[in-house]
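To keep things clear, I will list the structure first and then write my remarks on it.
Residue numbers run from 1 in the order of the sequence given.
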Amino acid sequence: MPSKKSARLAALTVAAVCSAASTVVLIAPAHADSVRIHDIQGSTRISPYAGKQVADVAGIVTGVRTYGSSRGFWIQDPQADDDAATSEAIFVYTNSTPKGVAVGDAVTVSGTVQEYVPGGAATGNQSITEITKPTFTVVSSGNALPAAVVISAKSVPAAYAPVGDTAANGSINGLTLQPSAYALDYYESLEHMNVRVADARVVTGTDDFNELWVTVKPREHASRRGGTVYGSYESQNTGRLQIQSLGAAADFPVANVGDTLAGTTTGPLDYTQFGGYTLVASELGTLKSGGLERETTQKQGRGELAVATYNVENLDPSDATFAEHASAIVNNLQSPDIVSLEEIQDNNGTTNDGTVAADQTMQKLIDAIVAAGGPTYDWRSIDPVDKADGGQPGGNIRQVFLFNPERVSFTDRAGGDATTAVGVTKVNGKAALTASPGRVDPANAAWTNSRKPLAGEFTFRGRTVFVIANHFASKGGDQALHAQYQPPVRSSETQRHLQATAVNAFVKDILAVQKNADVVTLGDINDFEFSGTAERLEDGGALWSAIKSLPRSERYSYVYQGNAQTLDQILISPSIRKSCDFEYDSVHVNSEFNDQISDHDPQVLRFRP
């Protein structure tokens, strides 16, 4: 799956004052008399004062943001009303760095109320209620801040969100907030207010933007390594909360999953494009290490075939991560016999000059593996048509078979290229590929701007094993779990469903010729083991996702916004599954760590053909 970091950096780069990538929802200008903050916030997500001028709105400054595209300050009314649905705080958007205002100042603010959608309306994100084009007066300084609302396992409801209003195309904007019933309503009722979490466990490590995720519900779908597992569309894990900092970047803790922000973390509750509800901390807890270590799988036995999948995240010869990837393959994965590599880029990476060959990328990796004490691997792949397979422009990512020739043999059959479909034939009563390596149905519209599956025929101890390496379309464009549309629209899965259907059909072709054929279909599926994509891959019993052999607390290969989830899968044919002579391991070496070399964890299957 192409890195989200590049997309986010681009978004931050183009962000400006009320960025073109963002949406401001206004109604016809009008004037309102002096109002309280809870009147502006109202009991729904959209302010009843949106687009109106307000005057002399009183509050205590609880935080000042001097960086980024959304500069300004938060104010909170210390005299709350008796309606739990109405927030007592609001953000004052000043455009440039706010001057003449400090935390603890009592102020009155006049300006225009707006509903600002981080990332723009197309994202489906919720909006933030703000006062823009403000004028303000400092009435007094050094005031005590309103007591922080404690967000805890007891306060956050178990249900995530109400079902959206069908009359509004699934939007929850017009619904009255029910903070005691739904987590999204609860967080919205605290929008911009001073909040606090205590002794919160980290469930996504610190990223490049000095953010991390914690949970206030440490028992909620807990993984055995301290994370929070996303195991169904109905279990969104309501205890998750993103943490940013109002302080210096150097002071932000460098955390891994399973660590704890001990003590209290306090600050205004914001809503951001990347993550939704976010505690912007003026006070950060002290990092307490959970001692998380990278995992090492078992070494395959002499009669076991070890097959792995590993997304190496846009690897090209200019990268500085070859030695680390090699160490992961040799030491943590114990030198699998066959490795399906995803996101191998061409010889000059993102230089967009028509280069498609990746022999230099692969040779550098093979040399690094030897230097790490591993075997001298061989490899097979098919170069894509330039710019036809998606990913970073000019990078030409593709899947590659890396294999140990001392343990397995690759059956080479000429004829495979970027546009020719591999077929299945019968040789001596058994299934065989018409080309090896070959591409599965590359002309199918399912693979438009996406990686085409790579099929190869291997021999291990005299038995043929068919391996199909995949990298399905990414989740880019899907609405977030925290979107204003509930349930959120997962538009990207339409293409993955078509891709899964095509791969399933190819596997059925193999099994139609040889019912007991050993077929391993693996890679970055970019979808969950319980998803419609997985169901289509498994259709008719042709395949089964072997990660489901693990306890639910161990079923993940990727950590995103506090949810440990399965994107990388190894699916097996009935002959392998029914033998019950296989072991599956999701080897957690990347996704839970702040210093990851890829955002995916490799997967390993060991079985006896």
Side-chain angles (χ1 to χ4, degrees), residues 1-15 65 67-70 118-119 123 125 197 200-215 223 225-230 237 239-261 265 267 269-281 284-285 287-290 292 294 311-314 319-321 324 343 392 474-476 478 480-482 524 526 556-565 567-568 588-601:
M1 182 176 184
S3 173
K4 296 178 179 64
K5 296 177 183 176
S6 58
R8 178 147 185 203
L9 284 170
L12 291 176
T13 300
V14 301
R65 183 154 57 198
Y67 60 88
S69 62
S70 185
T123 64
N125 284 336
V197 297
R201 196 180 69 221
V202 176
V203 290
T204 298
T206 307
D207 65 15
D208 292 343
F209 303 93
N210 291 310
E211 298 165 341
L212 56 80
W213 286 74
V214 299
T215 181
S223 79
R225 290 168 58 84
T228 299
V229 176
Y230 183 59
N237 295 318
R240 298 172 300 115
L241 189 65
Q242 186 170 240
I243 306 292
Q244 293 179 344
S245 177
L246 277 174
D251 297 331
F252 198 77
V254 179
N256 296 326
V257 168
D259 293 348
T260 300
L261 284 182
T265 297
L269 186 66
D270 198 6
Y271 181 94
T272 67
Q273 176 182 354
F274 298 98
Y277 293 103
T278 300
L279 195 165
V280 186
L284 274 165
L287 185 68
K288 180 180 179 181
S289 175
L292 193 71
R294 287 175 163 84
N311 184 320
V312 291
E313 196 175 3
N314 294 315
D319 290 339
T321 57
E324 293 171 286
E343 294 198 22
Q392 292 183 337
S474 78
K475 288 182 171 292
D478 286 2
L481 291 181
H482 53 75
D524 180 0
N526 263 321
Y556 61 94
S557 68
Y558 189 85
V559 180
Y560 181 65
Q561 296 187 353
N563 276 327
Q565 55 199 254
L567 294 186
D568 308 83
H588 304 304
V589 296
N590 286 317
S591 67
E592 300 166 315
F593 297 89
N594 69 82
D595 58 346
Q596 56 189 224
I597 55 174
S598 168
D599 46 0
H600 293 252
D601 287 329

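- Between Gly275 and His482 the shortest heavy-atom distance is C-NE2, 3.4 Å.
- Remark: Val559 engages Thr204, Ala564, Ser591, Glu592 in a side-chain contact (heavy atoms from CB on, under 4.5 Å) (not counting sequence neighbours).
- No option in Leu212, Thr228, Asn563, Leu241 other than Thr228 meets the side-chain contact (heavy atoms from CB on, under 4.5 Å) test with Val203.
- A distance-only check finds no donor-acceptor pair linking the side chain of Asn125 to the backbone of Gly276 [under 3.5 Å].
- For Tyr230, there are no side chain to side chain donor-acceptor pair (under 3.5 Å) partners, not counting sequence neighbours.
- Contact annotation: the side chain of Asp251 never approaches that of Ser245 to less than 4.5 Å [non-hydrogen atoms, C-beta and beyond].
- Phe252 pairs by the ring-ring contact (aromatic ring centres under 6.0 Å, His included) definition with nothing, not counting sequence neighbours.
- The two atoms that bring Ile243 and Ala281 nearest to each other are CG2-CB, 4.5 Å, heavy atoms only.
- With contacts defined as side-chain heavy-atom distances shorter than 4.5 Å, the pair Tyr560/Lys475 does not qualify.
- One distance of note links CD of Glu211 with CG of Leu279; it measures 12.5 Å at 0.5 Å rounding.
- Side-chain contact check for His588 versus Tyr556: some heavy-atom pair is nearer than 4.5 Å.
- A donor-acceptor contact closer than 3.5 angstrom is absent between the side chains of Asn590 and Asp601.
- Thr215 pairs by the side chain to side chain donor-acceptor pair (under 3.5 Å) definition with nothing, not counting sequence neighbours.
- What you find for Leu261 and Pro253 is that their closest heavy atoms are CD2-CG, 3.9 Å.
- Asp270 meets the salt bridge (Lys or Arg N to Asp or Glu O under 4.0 Å) test with Arg65; sequence neighbours excluded.
- Residues Gly226 and Val257 share a closest heavy-atom pair of C-CG1, 3.7 Å.
- Using a 4.5 Å cut-off on side-chain heavy atoms (C-beta onward), Leu481 and Arg240 make contact.
- Contacts of Glu324 classified as side-chain contact (heavy atoms from CB on, under 4.5 Å), with partners at least two apart in sequence or in another chain: Thr321, Ile597.
- Heavy atoms only, all atoms of each residue included: Gln561 and Phe274 are closest at NE2-C, 3.9 Å.
- Proximity of a side-chain donor or acceptor of Asn314 to a complementary backbone N or O of Glu343 within less than 3.5 Å is not detected.
- Counting only distance, with no hydrogens or angles, the side chain of Asn311 and the backbone of Glu313 share a donor-acceptor pair below 3.5 Å.
- The side chain to side chain donor-acceptor pair (under 3.5 Å) search around Thr278 returns Gln242, Thr272, not counting sequence neighbours.
- Under the side-chain contact (heavy atoms from CB on, under 4.5 Å) criterion, Asp595 pairs with Arg294, Phe593, sequence neighbours left out.
- Note that OG1 of Thr206 is 7.5 Å distant from CG of Leu287, once rounded to the nearest 0.5 Å.
- Taking OG of Ser69 as the reference point, atom CD of Gln273 lies at 9.0 Å (rounded to 0.5 Å).
- The shortest side-chain heavy-atom distance between Val214 and Thr265 does not fall under the 4.5 Å cut-off.
- Expressed to the nearest 0.5 Å, how far CG of Asp478 lies from OG1 of Thr123 amounts to 12.5 Å.
- For Asp568, the side chain to side chain donor-acceptor pair (under 3.5 Å) partners are Ser557, His600, not counting sequence neighbours.
- Qualifying side-chain contact (heavy atoms from CB on, under 4.5 Å) partners for Ser289, counting only residues two or more places apart in sequence or in other chains: Asp259.
- Side chains of Arg225 and Leu292 form a contact here, defined as non-hydrogen atoms less than 4.5 Å apart.
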